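Okay, so here's the structure we're looking at.
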2 protein chains.
Amino acid sequence: MNDSEHGRRTIRDVAKAAGVSISTASNALNGTGRTNAETREKVKRIADELGFRPNALARGLLTKRSHAIGMLTNDTYGRLTLPMAAGVSEILVDHGVSLFLCATNNDPRLAKLHLDALLDRQVDGIIFTATRIDLEPPPELLKLRIPVIYAFAQGPADSVSFHPDDAQGARIAVQHLQALGRSRILHITGEQNYLAARIRADAYRELAGPSGRVMFGEWSEEWGHSAIDEVYSQSGPKPDAIFCGSDEIARGVIDALRDRGISIPEDVAVVGFDNWEVVSKQTRPPLTTIDMELKELGHRAGLAILGLSRGEKLEPGIERLPCRLFVRGSA
Amino acid sequence: MNDSEHGRRTIRDVAKAAGVSISTASNALNGTGRTNAETREKVKRIADELGFRPNALARGLLTKRSHAIGMLTNDTYGRLTLPMAAGVSEILVDHGVSLFLCATNNDPRLAKLHLDALLDRQVDGIIFTATRIDLEPPPELLKLRIPVIYAFAQGPADSVSFHPDDAQGARIAVQHLQALGRSRILHITGEQNYLAARIRADAYRELAGPSGRVMFGEWSEEWGHSAIDEVYSQSGPKPDAIFCGSDEIARGVIDALRDRGISIPEDVAVVGFDNWEVVSKQTRPPLTTIDMELKELGHRAGLAILGLSRGEKLEPGIERLPCRLFVRGSA
DNA sequence: ACTTTTTGATAAAACCTTTTATCTCCTATA
DNA sequence: TATAGGAGATAAAAGGTTTTATCAAAAAGT
């Protein structure tokens, strides 16, 4: 009689076993409509015994809410993306929402493919993340009927974006060095065509004043090395502190300084950026650095997309989340 | 008349616009049933013009195939997981299948939560990945009615698992060193309670013979450092090559050797493991290392889960995928 | 000319829920 | 006592698609 073991239990099975109609079962389980407390408990108990779980596809089809959101990212090996994704997921799972991960490899064709698939699945919203805050999102993203959040990326004017507060991050780095009594602070950072690099450099300049010097280069350890070579092969005053644009650069800087017999932090204090622990904890001395709190950024993005998908209105614009200073040995 | 702009186009809209029934439209679009070539083209053209895309929820509800699979992983910041996920995704997207990413943080409660959500969404299969090949999967995973693939993790006896071939990886590392004429090869690796570490160590011992020596420790740069300190503070013959269990260890080893004025690869050749480019490319000299081809492993896992979800049978057991040697400067 | 096939199209059922509108029965009110 | 109102339950519709069974018309066979 029971159409038992060949598939999942449906609400039919629950209703039949409880001796009520399907609608009553549904109402009892969801607390909607009017139901007698007694039958409600009974239905719930039986559903539990049967291990009933509602089919999300059917539910989504009817309610127009799939309780799934898509995350579109342009990188694959991302040390930036993954912490954010973890943060997003952490928030979503508590609200019964699942996450589709779509890596586009910076390929527009792939981006379109993924985006179409997400729309076909009726996702309630999309989070777009990137490896740099000034990367253009795929154009299709701009005219969707579902909400979109930009995390570590910049959307159009009326959209909601979350960025780390690069300027504030740079400021607390420089202020920390100044509080240590350093006055000849150098800034060695990555490529100038990265907006984040320019923002940080500007913030640095404001605090460092006329004695400040910014060296743009690459986001690599090697650049840290050769930057130091450059500085120390020239004549003129030497820095007593260096603020680096990334932990990798900082590591190159520290290695190069040590090669020259310069002791850290006594002779030169060094501050990094990223708090990428696999680097920052392994340098000698361990790196004092700025953490962008990417997981928290993911949390915020997750909460935002949840809100939007429920129809709430959000202030458009770029919200900048504060960075945090991690003091270790290098400064 | 057209219920135009407030929602997506449905197959109804297509049928109406083409002047045919819903069933005909469906048959025409899917190439099922019997349809006149002419009407078929017409329907397709109109569907295209209208930008019709079928609702995946409705389709999945009926066909019992959601064209989505779930990836359950125990880590968050995974440099192991993410390349695999990228590989999986790359395969799936070409088959119109999407990927749910679920990070469990090693929390059983979270694992259960995610797993239930995946089942509610009627995923066609699940890929379980972990940060180490000998991690126990959550017990709920063992008795599902849907197919499960274990990637970089080990399932029960009758399941399908994919691992990197650690033994072969260790062999090509040692053989490469031996081909360079090195005979006193040392193996510095990570924690002994990792199965992968033991497998590699065993393979190493077979080739290195009685002169071989294995030093277990931690998976950190620091351990590479202190291992070298230990070796060189003892008397006795010194190695002319070192095979390291990870790139991070190798980096610590190289730094420590350089501190002692030992030149690489002339005096001591060093081979790493992982080919984690952010480390291997940045050491000086750049690291010769073993790549586990994690993306390829993801490809294989993706293909496997696709096959299983279509009802194909797969040989159970652990399939070991070959590693590859990347020769750079250190050996 | 009549039956049998074949072709092309369609109505309707099914998938599993939620929700709206109805319906019955009971209690309270005038 | 008649009526209004409320509580509790349910039938039925809806959501968008695929698929099975049915049907009509045209083509082929005798």
Side-chain angles (χ1 to χ4, degrees), chain A residues 3 6-44 46-47 50-68 96 117 119-124 145, chain B residues 2-3 6-44 46-47 50-68 96 117 119-124:
Chain A
D3 65 335
H6 79 294
R8 283 171 66 112
R9 298 352 272 241
T10 86
I11 199 171
R12 278 191 111 79
D13 301 331
V14 176
K16 191 181 294 179
V20 299
S21 75
I22 294 185
S23 356
T24 309
S26 174
N27 279 330
L29 291 172
N30 300 321
T32 57
R34 287 186 297 238
T35 27
N36 185 342
E38 205 171 324
T39 48
R40 190 161 53 239
E41 289 317 311
K42 183 180 178 188
V43 169
K44 279 184 174 170
I46 291 189
L50 261 49
F52 165 75
R53 312 209 87 229
N55 181 322
L57 265 41
R59 170 180 281 178
L61 180 56
L62 195 52
T63 60
K64 308 276 191 196
R65 301 209 50 215
S66 65
H67 293 275
L119 296 177
D120 293 351
R121 298 203 145 70
Q122 320 289 118
V123 290
D124 299 333
R145 294 190 319 329
Chain B
N2 240 343
D3 66 333
H6 79 294
R8 281 171 69 110
R9 292 2 262 243
T10 86
I11 199 171
R12 279 191 111 80
D13 301 331
V14 176
K16 191 182 292 178
V20 297
S21 75
I22 294 184
S23 356
T24 310
S26 173
N27 281 328
L29 291 172
N30 299 320
T32 57
R34 285 185 300 240
T35 27
N36 185 347
E38 205 170 324
T39 48
R40 191 161 52 236
E41 290 316 311
K42 183 179 178 188
V43 169
K44 279 183 174 172
I46 292 189
L50 260 50
F52 165 75
R53 312 209 88 229
N55 182 322
L57 265 40
R59 170 180 279 178
L61 179 57
L62 195 50
T63 62
K64 308 276 191 193
R65 301 209 49 217
S66 64
H67 293 274
L119 295 176
D120 293 351
R121 298 203 144 72
Q122 320 289 115
V123 291
D124 299 333

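Every value quoted in this text rests on a predicted model; they were computed, and no experiment measured them. Residue numbers begin at 1 in each chain, while the letters A, B, ... track the order of the sequences.
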Begin from the C-alpha positions of Val43(B) and Leu29(B) and carry the test side-chain contact (heavy atoms from CB on, under 4.5 Å) through to its verdict. CA-CA 7 Å; Val43(B) 169; Leu29(B) 291 172; 4.0 Å; yes
Show the numbers, then the answer: is there a side-chain contact (heavy atoms from CB on, under 4.5 Å) between Arg121(A) and His67(B)? CA-CA 10 Å; Arg121(A) 298 203 145 70; His67(B) 293 274; 3.3 Å; yes
Between Asn30(B) and Arg59(B), is a side-chain contact (heavy atoms from CB on, under 4.5 Å) present by the stated rule, with each step listed? CA-CA 12 Å; Asn30(B) 299 320; Arg59(B) 170 180 279 178; 3.8 Å; yes
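Within the 4.5 Å cutoff, the side chain of Phe52(A) has no heavy atoms near those of the Asp13(A) side chain. Put simply, the side chain of Gln122(B) does not reach to within 4.5 Å of the side chain of Arg65(B), judged on heavy atoms.
When rounded to the nearest whole Å, the span between CD1 of Ile22(A) and P of dA14(C) equals 13 Å. To the nearest angstrom, P of dT17(D) lies 12 Å from CZ of Arg9(B). Rounding to whole angstrom units, CG of residue Asn27(A) and P of dG8(D) are separated by 12 Å. Separating the CZ atom of Arg8(A) from the P atom of dC16(C) is a distance of 10 Å, rounded to the nearest angstrom. For Arg59(B) and dT19(D), the CZ to C1' distance is 13 Å, given to the nearest whole Å. Nucleotide dA9(C) holds its C1' atom 13 Å from the NZ atom of Lys42(B), rounded to whole Å. Distance Arg53(A) CZ to dT17(C) C1': 15 Å, rounded to the nearest Å. Nucleotide dA11(D) holds its P atom 11 Å from the CZ atom of Arg12(A), rounded to whole Å.
Between Thr24(A) and dA9(D), a side-chain N or O to OP1/OP2 separation shorter than 4.0 Å is absent. Considering only side-chain N and O atoms, Lys64(B) lies nowhere under 4.0 angstrom from the phosphate OP1 or OP2 of dT18(D).
Look at Asp124(A) and Lys64(A) and you find no salt bridge, because none of the NZ, NE, NH1 or NH2 atoms lies under 4.0 Å from a carboxylate O. Salt-bridge formation is detected for the pair Arg8(A)/Asp120(B): a Lys NZ or Arg NE/NH1/NH2 atom is positioned less than 4.0 Å from an Asp or Glu carboxylate oxygen.
Contacts between residues 29-41 of chain B and DNA chain D, counted as heavy-atom distances below 4.0 Å, involve Asn30(B).
Among the nucleotides dT19(C), dT17(D), dT10(C), the one closest to any side-chain atom of Ser26(A) is dT19(C). Here the nucleotide nearest the side chain of Ile11(A), chosen from dT10(C), dG16(D), dT17(C), is dT17(C). Minimum atom distance to the side chain of Leu62(A) is reached by dA14(D), of the listed dA14(D), dC15(C), dT10(D). The listed nucleotides are dT19(C), dT17(D), dT18(D); the one nearest the side chain of Ala58(B) is dT17(D).
Considering CG of Leu61(A) and OG of Ser66(A), their distance stands at 11.0 Å, rounded to 0.5 Å.
Evaluation of atom-type donor-acceptor distances gives no pair under 3.5 Å for the side chain of Ser21(A) against the base of dA11(D).
Mapped onto DNA chain C by nearest heavy atom, Ala25(B) and Leu61(B) fall at different nucleotides, with Ala25(B) at the one closer to the 5' end.
Among the protein residues, Leu57(A) comes within range of no part of the nucleic acid, since none of its heavy atoms lies under 4.0 Å from any strand.
Remark on the helix from dA1(C)-dT30(D) to dA30(C)-dT1(D): inter-end axis angle 60°, axes from five-pair C1' superpositions, rounded to 10°.
Side-chain contact annotation: Asn27(B) with Thr35(B), donor-acceptor N/O pair under 3.5 Å absent. Counted by atom type alone, Ser26(B) and Ser23(B) present zero donor-acceptor pairs between their side chains at under 3.5 Å.
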